[in-house]
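Worksheet: the structure to be examined is printed underneath.
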2 protein chains.
Amino acid sequence: MPNRQLAIPQQDCADCPIRHRAVCARCETDELTHLESIKYYRKFDAGQTVVWAGDKMDFVASVIEGVASLTQTMEDGRRQMVGLLLPSDFLGRPNRDTAPYDVVASTDVTLCCFRRAPFQKLIAENANISQRLLEMTLDELDAAREWMLLLGRKTAREKIASLLSIIARRDASLKDLPSKGEVSFDLPLTREAMADYLGLTLETVSRQMSALKRDDVIRLEGKRHITIPDFDLLMDETGDDADGGMLV
Amino acid sequence: MPNRQLAIPQQDCADCPIRHRAVCARCETDELTHLESIKYYRKFDAGQTVVWAGDKMDFVASVIEGVASLTQTMEDGRRQMVGLLLPSDFLGRPNRDTAPYDVVASTDVTLCCFRRAPFQKLIAENANISQRLLEMTLDELDAAREWMLLLGRKTAREKIASLLSIIARRDASLKDLPSKGEVSFDLPLTREAMADYLGLTLETVSRQMSALKRDDVIRLEGKRHITIPDFDLLMDETGDDADGGMLV
DNA sequence: TGACTGTATTGATCTCGATCAATTACAGCG
DNA sequence: CGCTGTAATTGATCGAGATCAATACAGTCA
């Protein structure tokens with residue numbers, strides 16, 4: 001299994017506050033110049049909708065900080081999250097200017113946006129950028145397939161444990177810490193958003209969180225700050241095999 | 001929502017028995033020549049495993065005929081299908097020579113294979129091929145996300161109806177028929193494989209099939225041949241909104 | 001300070017799909 | 001033909017998670 005972290009380039013992208021592995025990644029100097037001229041930043045508050053499904057999207061973007069989600073909704077209101085965008089993740093796609101899903105900021109979010117037209121020109125002209133995008137899309141696809149296993153076959157408890165381990169890992173790698181032993185982090189999702197991620201109801205999420213707390217797999221300080229006393233213990237609850245590379 | 005069919009090129013690829021939209025698609029004459037020299041065919045019987053998860057895969061391939069599935073298995077045996085490969089779909093990926101999932105032939109399958117090394121060289125040298133692969137991968141990602149909605153939020157009946165509509169559509173488009181009014185086709189999956197696709201047990205699949213038959217949404221001739229008297233009626237059972245582009 | 005709002009927890013009950021088990025259908029084959 | 005083995009159907013029962021409902025809690029605003 002591929003490991004996303006390995007893909008994060010060491011070279012920072014000009015004035016982006018953190019290094020990120022989106023289009024700017026691995027770019028040659030001249031490409032970077034191109035990018036700088038079409039790049040701008042946008043901020044969103046927690047809960048704000050970035051784009052609605054069906055809306056025109058005149059930009060693509062890279063998540064600089066915060067967490068956003070892609071969500072699908074059925075007419076009767078049933079909702080399923082289908083993408084979770086953490087810092088360094090990419091939003092939008094070339095050759096498609098209509099958003100297929102609602103994009104909602106789960107926390108305050110900063111996006112590094114690229115105007116669509118010049119971005120597409122950039123792709124057309126630079127082979128390594130479309131190769132980079134291909135690589136990232138394949139990682140997304142792997143993540144989606146791991147997610148499908150979770151949705152289709154895991155128990156509620158395993159689902160919660162899996163989600164916590166995914167967030168813990170990504171958070172740790174962002175802070176350059178190992179995800180071993182004691183790990184703690186802030187949950188960027190409400191119970192409802194967790195339920196939408198996991199294909200559960202928020203009551204079940206809450207109950208299973210309480211159960212994991214009761215069994216000392218996790219500790220809660222306030223509603224959102226989580227400490228995992230022993231990461232291996234949490235992993236035992238996910239149903240994944242030990243080495244199995246869970247990708248976000 | 002994008003429509004896959006539009007992506008199928010009208011130009012056939014040399015001696016491939018049917019036109020297919022894999023790497024050969026839209027290629028210039030000289031690229032095609034390259035391809036011909038690294039291309040070979042392999043056949044598999046229904047039930048045969050093409051590759052095991054973790055195995056080295058020294059080729060990538062395009063499905064020429066038949067149906068294959070990608071499946072993930074947990075240690076305790078729970079299984080979830082995460083990919084269904086129909087004719088024209090692509091298998092394998094550049095820069096990854098280890099199969100992440102079991103690939104199993106659901107029916108007799110013919111693959112058009114490309115040796116990995118020269119194929120990667122081809123990608124590196126031809127920008128339009130990696131753009132083509134990107135496009136295809138994005139379609140896969142959309143399909144995976146539609147699938148996630150199915151797994152997370154649909155009822156057993158809706159799941160079955162959705163699967164039947166997906167297969168009916170792909171089958172119809174392959175035969176250049178419209179998926180309207182009365183449609184009929186052969187189910188390329190066992191009840192067990194359907195269950196693995198849908199995150200259900202095979203008993204539930206069987207019961208829901210019987211229920212759909214009882215309600216005249218489908219008709220069964222033998223175990224595998226299905227007739228849908230009115231495609232719209234089936235669509236009403238899927239839970240999708242009327243226009244919603246369900247992608248395989 | 002207290003009313004108000006959105007988020008989270010906990011309880012009681014119900015239901016859909018899982019599980020366990022028996023039977024049937026059918027294709028291949030001696 | 002009657003076996004044999006696999007795939008599929010059907011029945012009886014169970015249980016995980018959904019649903020409905022009440023309560024707790026932390027901000028925030030008047």
Side-chain angles (χ1 to χ4, degrees), chain A residues 45-48 74 76-80 104-108 150-164 186-214 218-226 237 239, chain B residues 45-48 74 76-80 104 106-108 150-164 186-215 218-226 237 239:
Chain A
D45 293 331
Q48 228 187 322
M74 297 170 70
D76 62 3
R78 281 176 283 174
R79 287 167 14 111
Q80 176 63 51
V104 180
S106 293
T107 63
D108 294 352
L150 176 148
L151 288 171
R153 297 302 188 190
K154 290 190 179 180
T155 64
R157 177 182 255 246
E158 287 169 339
K159 286 179 175 184
I160 300 278
S162 299
L163 175 55
L164 294 179
D186 281 312
L187 249 190
L189 302 175
T190 63
R191 298 291 186 264
E192 191 181 18
M194 291 174 72
D196 286 343
Y197 185 109
L198 300 170
L200 297 171
T201 58
L202 68 94
E203 294 94 327
T204 299
V205 170
S206 186
R207 267 184 256 275
Q208 295 296 337
M209 290 287 284
S210 299
L212 287 174
K213 193 171 75 178
R214 175 172 38 73
I218 63 173
R219 222 168 288 148
L220 281 170
E221 287 126 43
K223 304 291 179 188
R224 294 294 194 84
H225 192 80
I226 293 195
E237 300 285 348
Chain B
D45 294 332
Q48 227 188 322
M74 298 170 70
D76 61 4
R78 281 176 283 174
R79 291 172 2 118
Q80 176 64 50
V104 181
S106 294
T107 62
D108 293 353
L150 177 148
L151 288 171
R153 297 302 190 190
K154 289 190 179 180
T155 64
R157 176 182 257 247
E158 288 170 338
K159 286 179 175 184
I160 300 279
S162 300
L163 175 56
L164 293 180
D186 280 312
L187 251 189
L189 302 175
T190 63
R191 299 291 186 265
E192 191 181 19
M194 291 174 70
D196 286 343
Y197 184 108
L198 301 169
L200 297 171
T201 59
L202 68 93
E203 292 96 327
T204 299
V205 169
S206 185
R207 267 184 257 276
Q208 294 296 337
M209 291 287 283
S210 300
L212 288 174
K213 193 171 73 177
R214 176 171 40 70
D215 299 345
I218 64 174
R219 222 169 290 147
L220 281 171
E221 287 127 42
K223 304 293 179 188
R224 293 294 194 85
H225 192 80
I226 293 194
E237 301 286 348

Can you list everything that forms a side-chain hydrogen bond (donor to acceptor under 3.5 Å, both in side chains) with B/S206? Sequence neighbours excluded, please. none
Name the residue closer to the 5' end of DNA chain D, choosing between B/K213 and A/K223 according to the nucleotide with the nearest heavy atom. B/K213
Atom-to-atom span, CG of B/L189 to P of D/dA7 - whole angstrom: 13 Å
Test item: A/I218 and A/L164 side chains (from C-beta on) under 4.5 Å apart, heavy atoms: yes
Applying the salt bridge (charged side-chain N to carboxylate O under 4.0 Å, His left out) criterion to A/E237, which one of A/K159, A/R157, A/K154 satisfies it? A/R157
For B/L220 and D/dT10, give me the distance from atom CG to atom P, rounded to whole Å. 10 Å
Quick one: label A/T190 by what it contacts on the DNA or RNA (base, sugar-phosphate, nothing), any heavy atom closer than 4.0 Å. sugar-phosphate
Does B/A46 have any side chain to side chain contact (heavy atoms under 4.5 Å, CB included) partners at least two apart in sequence or in another chain, and if so, which? B/D108
side-chain hydrogen bond (donor to acceptor under 3.5 Å, both in side chains) partners of A/E158, counting only residues at least two apart: A/T155, B/R78
Just the endpoints, please: which first and last nucleotides of DNA chain C, 5' to 3', lie under 4.0 Å from a heavy atom of chain A? C/dA8 to C/dA12
Could you run down nucleotides 14-19 of chain D 5' to 3' and tag each one B, S or - for protein heavy-atom contact under 4.0 Å? ---SSB
Ignoring hydrogens and geometry, is there a side-chain-to-backbone donor-acceptor pair from A/Q80 to A/Y197 under 3.5 Å? yes
For B/R153, check salt bridge (charged side-chain N to carboxylate O under 4.0 Å, His left out) against everything at least two apart and list the hits. A/D196
For B/A161 and B/L212, which heavy atoms make the closest approach, and how far apart are they? N-CD1, 4.5 Å
Pick base, sugar-phosphate or nothing for B/S210, based on heavy-atom distances below 4.0 Å to the nucleic acid. sugar-phosphate
